[in-house]
Trainee: 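Dropping a structure here in structure tokens format, bear with me for questions.
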Amino acid sequence: MFFILSKTLGNALAPVNFLVGLGVLGAVLSATRLSSLGRGLMIAAAVLLAVAAFSPAGRLLLYPLESRFPPWDPGQRAPDGIIVLGGSIDADVSLARDTPVVRRSPDRIIAAAALARQYPNARVVFTGGSPRLVSDAREADYAAALFESLGVDRSRLIMERQSRNTHENAEFTKALVAPNPGERWVLVTSAFHMPRSIGLFRKAGFPVEAYPVDWWVGGRRAALSFTTLALDGLSRTDIAVREWFGLIAYRVTGRIDDLLPRPMHIDSPGPR
């Protein structure tokens, strides 16, 4: 039920979808006795779309998420395993074209492959099924070919293909690899997605180290800048709002222990 609600209600409340729907509702009401309300809704939708598209709103919402975890510290010993979250491969288009098609967040796969080549003894886990309500395609079915093309031997790869969201990424990956106490595992995902991901892996009892990639905001000063291309601003705002909604929903339902998880060495005096 949580998965169904996240895909239906979550999509409906995505900023662009919601504001377009608000504008359409206003247009319909403008032809009725509620024409004044309809015009007000259309004006509000247009103004809010402009704010989402051109203002720093999206950057300001993304910046605290992307800044939560610092770049990975390669010190200490080599990692025992590398986990990369799905979200890069369009499984349905890949199935239709019979070849891996990367449409989003390519840094996740590129960075994981680079890490795998740097640490040749580490296991590499790709976790990603399909985020769609109905689909026969799975990201993991196409990820292996991408990793091999980037120089990672197939014998090192572990493909987890059943998960539909980040909660299942954590649960299914832990069950699949059965990490031993003291092992060092690195988690590769987009910087804005890292707080929720780390929180879910911790809740699953799988301690991992953050390896953030795929930043959307350059830094503190960039977070205050305006956008000249509407599509860029709308994309940032949409991603940021979805991620904050995800954090809130996961915290309310008890899937994570903190609204905004932080690096372990800040949480406690224990080892990282």
Side-chain angles (χ1 to χ4, degrees), residues 1-25 41 44-69 85-88 90 103-105 108 127-135 139 163-172 187 189-204 210 212-217 223 227 230-262:
M1 180 60 70
F2 182 88
F3 175 73
I4 294 174
L5 286 175
S6 69
K7 297 304 175 184
T8 53
L9 185 60
N11 286 337
L13 294 178
V16 175
N17 290 347
F18 178 77
L19 293 175
V20 168
L22 191 68
V24 171
L25 175 62
L41 291 178
V47 170
L48 290 174
L49 275 171
V51 169
F54 301 110
S55 81
R59 288 189 170 98
L60 288 171
L61 288 169
L62 281 172
Y63 181 73
L65 298 174
E66 295 194 336
S67 303
R68 194 63 167 174
F69 287 84
L85 299 190
S88 301
D90 190 317
R103 295 185 50 144
R104 300 173 296 273
S105 305
R108 298 186 187 186
T127 170
S130 173
R132 301 181 187 277
L133 288 173
V134 180
S135 176
E139 277 193 76
S163 56
R164 301 170 299 174
N165 55 29
T166 314
H167 176 249
E168 293 182 353
N169 288 150
E171 296 283 348
F172 296 171
L187 179 66
T189 191
S190 300
F192 67 82
H193 187 50
M194 189 60 76
R196 182 156 55 106
S197 302
I198 289 290
L200 288 164
F201 271 80
R202 286 178 185 168
K203 191 70 173 181
V213 296
D214 184 37
W215 287 271
W216 283 65
V217 181
T227 302
L231 186 58
D232 287 348
L234 290 173
S235 296
R236 275 191 292 268
T237 304
D238 209 52
I239 288 172
V241 171
R242 284 174 181 269
E243 196 59 32
W244 279 107
F245 277 174
L247 283 164
I248 293 169
Y250 276 43
R251 180 67 187 94
V252 168
T253 56
R255 284 173 165 80
I256 57 176
D257 291 328
D258 302 293
L259 177 61
L260 195 59
R262 64 185 69 188

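Computed from a predicted model, the values in this text were never measured in an experiment. Just so it is clear, the values below take in all heavy atoms, side chains as well, and ignore hydrogens, waters and symmetry mates.
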Trainee: If you take all heavy atoms of Arg202 and Arg262, which pair is closest and at what distance?
Mentor: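 Taking every non-hydrogen atom into account, NH2-O, 2.6 Å.
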Trainee: Can you measure from CG (Leu85) to CG (Asn165) and round to the nearest 0.5 angstrom?
Mentor: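 Result: 11.0 Å between the selected atoms.
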Trainee: Could you tell me which non-hydrogen atom of Glu66 sits nearest to which non-hydrogen atom of Asp214, and how far apart they are?
Mentor: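 Distance-wise, the nearest heavy atoms are OE2-O, 4.0 Å.
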Trainee: Distance check, rounded to the nearest 0.5 Å: Arg196 atom CZ versus Leu259 atom CG?
Mentor: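 Output value for this atom pair is 11.5 Å.
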Trainee: Compare every heavy atom of Ala240 with every heavy atom of Gly58, then report the nearest pair and how far apart it is.
Mentor: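 Where Gly58 meets Ala240 most closely, the heavy atoms are O-CB, 4.0 Å.
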Trainee: Would a 4.5 Å heavy-atom cut-off, applied to side chains only, mark Arg68 and Met194 as touching?
Mentor: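 With C-beta onward as the side chain, the pair stays apart.
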Trainee: Which heavy atom of Asp258 sits nearest to which heavy atom of Arg251, and what is that distance?
Mentor: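 Minimum heavy-atom contact is C-CD, 3.7 Å.
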Trainee: Could you walk me through whether Val241 and Leu61 satisfy the side-chain contact (heavy atoms from CB on, under 4.5 Å) test, starting with their C-alpha distance in whole Å, then the side-chain angles of each, then the deciding distance to 0.1 Å, before giving a yes or no?
Mentor: CA-CA 7 Å; Val241 171; Leu61 288 169; 4.0 Å; yes
Trainee: Shortest non-hydrogen contact from Pro261 to Pro195?
Mentor: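 For Pro261 versus Pro195, the nearest heavy atoms are CG-O, 3.2 Å.
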Trainee: Given side chains that start at C-beta, do those of Leu247 and Leu65 come closer than 4.5 Å, heavy atoms only?
Mentor: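 When only atoms from C-beta onward are counted, Leu65 and Leu247 do touch, with a gap below 4.5 Å.
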Trainee: Can you tell me if Phe18 has over 12 outside heavy atoms packed within less than 6.0 Å of its CZ?
Mentor: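 Atom CZ in Phe18 is not crowded, with 12 or fewer foreign heavy atoms closer than 6.0 Å.
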Trainee: Could you list the residues that satisfy salt bridge (Lys or Arg N to Asp or Glu O under 4.0 Å) with Asp232, not counting sequence neighbours?
Mentor: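 Result, salt bridge (Lys or Arg N to Asp or Glu O under 4.0 Å) vs Asp232: none returned.
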Trainee: Does a side-chain heavy-atom distance below 4.5 Å link Val217 with Phe192?
Mentor: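 Val217 does not reach Phe192 side chain to side chain.
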Trainee: Using distance alone, with no hydrogens and no angle criterion, decide if Arg104 and Ser190 have a side-chain donor and acceptor under 3.5 Å apart.
Mentor: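 Absent: no donor and acceptor within the cut-off.
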Trainee: Hey, could you give me the CH2/OG distance between Trp216 and Ser105, rounded to the nearest 0.5 Å?
Mentor: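 Here the rounded value is 7.5 Å.
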Trainee: Can you confirm whether Leu260 sits close enough to Trp244 that some side-chain heavy atom of one is under 4.5 Å from a side-chain heavy atom of the other?
Mentor: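 Yes, close enough: below the 4.5 Å cut-off.
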Trainee: Are the side chain of Glu139 and the backbone of Gly87 linked by a donor-acceptor contact shorter than 3.5 Å?
Mentor: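 Side chain of Glu139 to backbone of Gly87, a donor-acceptor pair under 3.5 Å: yes, one is there.
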Trainee: Write down the atom of Ala14, the atom of Arg242, and the distance for their closest heavy-atom approach.
Mentor: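 Shortest heavy-atom contact: CB-NH2, 3.4 Å.
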Trainee: Looking at Asn17, Val16, Leu22, which hits side-chain contact (heavy atoms from CB on, under 4.5 Å) with Val20?
Mentor: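 The single option meeting the side-chain contact (heavy atoms from CB on, under 4.5 Å) with Val20 is Val16.
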Trainee: Within the 4.5 Å heavy-atom criterion, are Arg236 and Arg59 side-chain neighbours or not?
Mentor: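 Arg236 vs Arg59: side chains touch.
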Trainee: Among side-chain atoms of Ser163 and Thr127, is any donor-acceptor pair under 3.5 angstrom?
Mentor: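 Side-chain D/A pair, Ser163 to Thr127: present.
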Trainee: With sequence neighbours left out, what residues match Phe201 under ring-ring contact (aromatic ring centres under 6.0 Å, His included)?
Mentor: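 For Phe201, the residues satisfying ring-ring contact (aromatic ring centres under 6.0 Å, His included) (neighbours in sequence not counted) are Phe206.
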Trainee: How many angstroms lie between atom CD1 of Ile256 and atom CD1 of Ile198, to the nearest 0.5 angstrom?
Mentor: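 So the gap between those two atoms works out to 11.5 Å.
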Trainee: I need the Thr166 OG1 to Arg255 CZ distance, nearest 0.5 Å.
Mentor: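 Output value for this atom pair is 11.5 Å.
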Trainee: How long is the gap from CD on Glu243 to CG on Leu62, to the nearest 0.5 Å?
Mentor: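 So the gap between those two atoms works out to 9.0 Å.
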